[in-house]
Q: 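This is the structure I want to talk about, given as structure tokens.
Remember, it's 1-based here, ligands and their atoms both numbered in the order they're listed. Residue numbers start at 1 and run along the sequence shown.
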Amino acid sequence: MPQLRLKLLEPHRTSLEKCVYCPKLSRAACPVSNVEANETVTPWGKMSMAYFAGRGDVPLDAGHADPAWACSACYACRERCDHKNEVATVLTDARAEFFARGLAPEGARLAAARFQAREDARGGELDALSRAEAGPAAVQVLLGCGYVRHAPDVARDALDATEALTGAPVRPVRACCGLPLLYAGDREGFVAAARRLAAEVAQAERFVAVDPGCARAVRVEYARAGVSARAPELFVDLARASLDRLQRSSSERRVRYHDPCQLGRGLDRYDAPREILARITGRPPEEFIHRREHADCSGGGGLVPATRPASSAAIADGRIAEHRALGGGLLVTHCAQSLRRFRTRGEPAEDLASLVARAVAPR
Ligand code: SF4
Ligand code: SF4
């Protein structure tokens, strides 16, 4: 059997073939194809196009490359698939092949090109958050660029909460995990970013990640890219392990929890955030109709806000509309991308890290 001409797809040949010959059983799970109503961007359509491009059945051009970016990396299709096909992973590798050939869509190319400029700006943003007393032995906290840049209130809360929970001075990690480059398709840039972060945290006494997208990148995607790095503790696990230190708040309103794709399906954390919210508010959080493994996406992941902004907004609007139709309340998530999606679409959502920061009692 001839090798696929897109080499990164060769290890995924079985998954690709299962999709190509499948009667689209995961179709209803995909947030992108649901809002675009287009067969080409169903999980089946995207996998088929990648397979045909890999085999040489279609020309390698921007039009045939584009569907690979119509994925928010939400992993919802995997939960509906009898084979547990990792569609998002395959499409991420397809993006790398297309990007290397100059076939990435404009939003992805711009995201990759802006990465270094944003890294430079991040230094100042992190300086504003840093604690003067934090020395080299501090707990290093990978906040997530999405929080640092777009929700500095949450970044500050996450640092305060981590300091209180660990009882040690904290210091934000300066390097970015590189996830925007991975989703853009810039594999070389992603590997370089991963190596920078791995070197920065290698000697840390403790290493905690707040944003689950960053945490999953370090825990899962670095190994796939051949970069060895210590695995971060998750902020949500840290808080879950100290439930007895979280004080009940009389001011927290009725809350509804949105399962972020990266934390739920990505890192298998469903109970911990719910237990934390129940502890703080005195009752289990309200739920969406689809929750936990089958939760709907917010439209914030996979660089979809940059490559397909209208689809991303429509996905977020759907989630917000459901929240309001179910009675509203305070919408709580724990992911910088979904937080940003909700806030920019008009829902004053909060992050779990902020609720923990307000609730944590000093030792
Ligand atoms: S992900 Fe699974 S269910 Fe969906 S098209 Fe592929 S094989 Fe079929
Ligand atoms: S991972 Fe999510 S966005 Fe991507 S194809 Fe599957 S369901 Fe669609």
Side-chain angles (χ1 to χ4, degrees), residues 9 11-54 64-96 98 105 107-108 179 182-185 212-213 216-217 220-221 224 258-268 288 290-319 335 337-338 341:
L9 296 187
H12 303 304
R13 182 189 279 271
T14 304
S15 296
L16 286 159
E17 287 175 348
K18 280 179 175 152
C19 280
V20 168
Y21 295 110
C22 172
K24 312 177 193 175
L25 296 177
S26 61
R27 175 190 185 153
C30 183
V32 179
S33 56
N34 283 343
V35 297
E36 294 191 10
N38 177 353
E39 287 298 296
T40 307
V41 293
T42 58
W44 166 84
K46 290 175 279 204
M47 291 287 271
S48 297
M49 194 63 82
Y51 183 63
F52 297 146
H64 290 101
D66 184 70
W69 277 268
C71 172
S72 64
C74 76
Y75 319 116
C77 48
R78 184 189 66 202
E79 299 304 320
R80 303 275 183 98
C81 173
D82 288 346
H83 312 290
K84 297 293 175 213
N85 259 4
E86 294 281 357
V87 172
T89 301
V90 179
L91 295 177
T92 299
D93 287 351
R95 292 181 189 191
F98 294 133
L179 195 57
L182 180 76
Y183 287 146
R216 188 183 174 280
V220 179
E221 298 294 346
R224 286 202 330 110
H258 163 80
D259 284 286
C261 305
Q262 298 293 325
L263 184 65
R265 289 183 288 266
L267 291 166
D268 199 28
F288 281 91
H290 296 141
R291 66 195 72 153
R292 299 176 66 95
E293 289 86 347
H294 299 297
D296 290 331
C297 174
S298 70
L303 222 58
V304 169
T307 57
R308 307 174 100 81
S311 300
S312 171
I315 295 167
D317 289 350
R319 196 66 165 157
C335 151
Q337 306 309 323
S338 58
R341 276 288 63 178

Q: List the closest protein heavy-atom neighbour of atom 2 (Fe) of ligand 2: residue, atom name, distance to the nearest 0.1 Å.
A: Cys74 SG, 2.3 Å
Q: Under a 4.0 angstrom heavy-atom cut-off, which atoms of ligand 1 come close to Asn85?
A: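 Within the 4.0 Å cut-off of Asn85, ligand 1 contributes 1 (S), 6 (Fe), 7 (S).
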Q: Would you mind telling me if ligand 2 is within reach of the side chain of Lys46, the backbone, both or neither, using heavy atoms under 4.0 Å?
A: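 Just the side chain.
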Q: At their closest point, which heavy atom of Glu79 faces which heavy atom of Arg265, and how far apart are they?
A: CG-CD, 3.5 Å
Q: Find out whether Asn85 and Ser15 are in side-chain contact, i.e. whether some heavy atom of one side chain is under 4.5 Å from a heavy atom of the other.
A: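 A side-chain contact exists here, since the closest heavy-atom pair is under 4.5 Å.
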Q: Which atoms from ligand 1 have a heavy atom of Lys18 less than 4.0 Å away?
A: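 In order of number, 7 (S).
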Q: Nearest protein heavy-atom contact for atom 4 (Fe) of ligand 2: which residue, which atom, what distance?
A: Cys71 SG, 2.3 Å
Q: At a 4.0 Å threshold, what atoms of ligand 2 neighbour a non-hydrogen atom of Val87?
A: 5 (S)
Q: Check the side chains of Ser312 and Arg341 for a donor-acceptor pair under 3.5 angstrom, ignoring hydrogens and angles.
A: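 On atom types as modelled, these side chains qualify, holding a pair under 3.5 Å.
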Q: Have Gln262 and Tyr75 got a donor and an acceptor in their side chains that come within less than 3.5 Å?
A: yes
Q: Donor-acceptor check, side chain of Lys46 to backbone of Val41, threshold 3.5 angstrom: yes or no?
A: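 Flag set: sc Lys46 to bb Val41 pair under 3.5 Å.
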Q: To which protein heavy atom is atom 8 (Fe) of ligand 2 closest, and what is the distance rounded to 0.1 Å?
A: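 Looking only at protein heavy atoms, the one closest to atom 8 (Fe) of ligand 2 is Cys30 SG, 2.4 Å.
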Q: I need the minimum non-hydrogen distance between Arg319 and Asp259, along with the two atoms involved.
A: NH2-N, 4.4 Å
Q: Output the list of atoms in ligand 1 that are nearer than 4.0 Å to some heavy atom of Cys81, sorted by atom number.
A: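 In order of numbering, the contacting atoms are 1 (S), 2 (Fe), 3 (S), 7 (S).
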Q: Please determine whether any non-hydrogen atom of Met47 lies less than 4.0 Å from an atom of ligand 1.
A: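 Outside the 4.0 Å threshold, so no.
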Q: For atom 8 (Fe) of ligand 2, does an N/O/S atom of Cys77 lie at less than 2.8 Å?
A: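 No.
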Q: Could you list which atoms of ligand 2 come closer than 4.0 Å to a heavy atom of Tyr75?
A: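 So the atoms of ligand 2 that pass are 1 (S), 2 (Fe).
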Q: Looking only at protein heavy atoms, which one is nearest to atom 3 (S) of ligand 2, and how far off is it?
A: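 I find the closest protein heavy atom is Ser72 N, 3.2 Å.
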Q: Parallel, tilted or perpendicular: which fits the ring planes of Phe98 and Trp69, with parallel below 30° and perpendicular above 60°?
A: tilted
Q: Could you tell me whether the side chain of Pro31 reaches within less than 4.5 Å of the side chain of Cys74, counting heavy atoms only?
A: yes
Q: Under a 4.0 angstrom heavy-atom cut-off, which atoms of ligand 1 come close to Cys19?
A: 1 (S), 5 (S), 6 (Fe), 7 (S)
Q: Grab the two heavy atoms, one from Ala68 and one from Ala94, that are nearest each other, plus how far apart they are.
A: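 The pair with the smallest heavy-atom distance is CB-CB, 4.3 Å.
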